[in-house]
Amino acid sequence: MRMLLIHSDYLEYEVKDKALKSPEPISEEQKKGRLEEVLAVFMSVEKADESNPEEVVEKAVAEIKDVASQVKANRIFVYPFAHLSSELAKPDVALKVLQRIEERLREEGFEVKRAPFGYYKAFRLSCKGHPLAELSRTIVPSGEAVS
Ligand SMILES: NCC(=O)N[C@H]1[C@@H](O)[C@H](n2cnc3c(N)ncnc32)O[C@@H]1CO
């Protein structure tokens with residue numbers, strides 16, 4: 001899994017079009033979303049993650065918690081983003097991983113939004129620009145090599 005973490009004044013998105021034949025079903029309300037004072041986490045779930053999705057979920061949650069405590073963010077925006085890797089996991093696996101990360105972050109006490117999966121979306125982001133505002137992390141299940 002590849003993550004790009006951006007500490008932001010806000011992140012807002014608007015769904016534009018389907019990017020998959022069967023994207024995640026969403027309500028009218030989910031077609032737009034915005035969070036202020038948020039740690040935006042753009043995530044590409046990778047093929048290697050398919051060997052142990054649960055381990056990747058726990059490692060991703062641990063990394064996000066670590067960065068959130070360093071930048072003092074208690075809101076997280078989980079953003080599916082298929083552009084951080086050339087070895088993407090299948091959509092059904094990727095969606096389950098991202099849904100589980102969302103669930104686990106809520107269990108850890110964060111306010112969480114997740115952008116819809118399988119769509120082209122317009123988005124606006126205001127990066128805070130401090131030294132820890134732009135970070136990336138790579139997560140692999142044990143036994144897999146980082147490519
Ligand atoms: N910017 C717009 C976009 O990325 N759209 C992506 C994601 O929402 C989602 N998606 C599909 N596979 C994956 C994956 N392995 N990891 C994350 N998201 C995925 O499906 C869309 C088309 O690839």
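Read the numbers this way: they start at 1 and go in the same order the structure lists the ligands and their atoms.
Annotation: Tyr120, atom OH; neighbour count of heavy atoms from other residues, nucleotides and ligands within 6.0 Å does not exceed 12.
Ranking the protein heavy atoms by distance from atom 11 (C) of ligand 1 puts Phe117 CZ, 3.5 Å first. What sits closest to atom 17 (C) of ligand 1 on the protein, heavy atoms only, is Met43 O, 3.4 Å. The protein atom (non-hydrogen) at minimum distance from atom 14 (C) of ligand 1 is Ala94 CB, 3.6 Å. Counting protein heavy atoms only, atom 21 (C) of ligand 1 is closest to Gly118 CA, 3.7 Å. Looking from atom 5 (N) of ligand 1 to the surrounding protein, the closest heavy atom is Tyr119 O, 3.4 Å. When only non-hydrogen protein atoms are considered, atom 22 (C) of ligand 1 lies nearest to Ala19 CB, 3.7 Å. Nearest to atom 15 (N) of ligand 1 among the protein's heavy atoms is Val45 O, 2.8 Å.
Not a single heavy atom of Tyr120 sits under 4.0 Å from any atom of ligand 1.
Side-chain contact between Phe117 and Pro91 is present, with at least one heavy-atom pair separated by less than 4.5 Å. Side-chain contact between Glu102 and Arg100: absent, with no pair of heavy atoms (C-beta onward) separated by less than 4.5 Å. Contact of the Glu37 side chain with the Lys72 side chain is not registered, since no non-hydrogen atoms from C-beta on lie closer than 4.5 Å. The shortest side-chain heavy-atom distance between Tyr79 and Leu11 falls under the 4.5 Å cut-off.
The pair Lys47-Glu50 counts as a salt bridge, with a side-chain nitrogen and a carboxylate oxygen less than 4.0 angstrom apart. A salt bridge links Arg75 with Glu111: the distance from a Lys NZ or Arg NE/NH1/NH2 to an Asp or Glu carboxylate oxygen falls below 4.0 Å. With respect to Arg104 and Glu108, a salt bridge is recorded, a charged nitrogen being found less than 4.0 Å from a carboxylate O.
With Lys113 contributing its side chain and Gly33 its backbone, the two residues share no donor-acceptor pair below 3.5 Å.
The distance criterion of under 3.5 Å between nitrogen or oxygen atoms is not met by Leu20 with respect to ligand 1. Taking any N or O of Ala82, backbone or side chain, at least one lies under 3.5 Å from an N or O belonging to ligand 1.
Contact annotation for Glu46 and ligand 1: no heavy atom of the residue comes within less than 4.0 Å of the ligand.
Close contacts of ligand 1 with His83, meaning ligand atoms under 4.0 Å from a residue heavy atom, involve 1 (N), 2 (C), 3 (C), 4 (O). Counting the atoms of ligand 1 from 1 in the order shown, those under 4.0 Å from a heavy atom of Pro80 are 4 (O), 8 (O), 18 (N). Those atoms of ligand 1 with a heavy atom of Ser44 less than 4.0 angstrom away are 16 (N). The distance from ligand 1 to the heavy atoms of Ala89 drops below 4.0 Å at these ligand atoms: 15 (N). Every atom of ligand 1 is numbered from 1 in the order shown, and the set under 4.0 Å from a heavy atom of Leu88 is 15 (N).
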Exercise for the section: List the steps, then state whether salt bridge (charged side-chain N to carboxylate O under 4.0 Å, His left out) holds for Lys59 with Glu55. Expected result: CA-CA 6 Å; Lys59 285 182 172 179; Glu55 183 189 12; 3.3 Å; yes
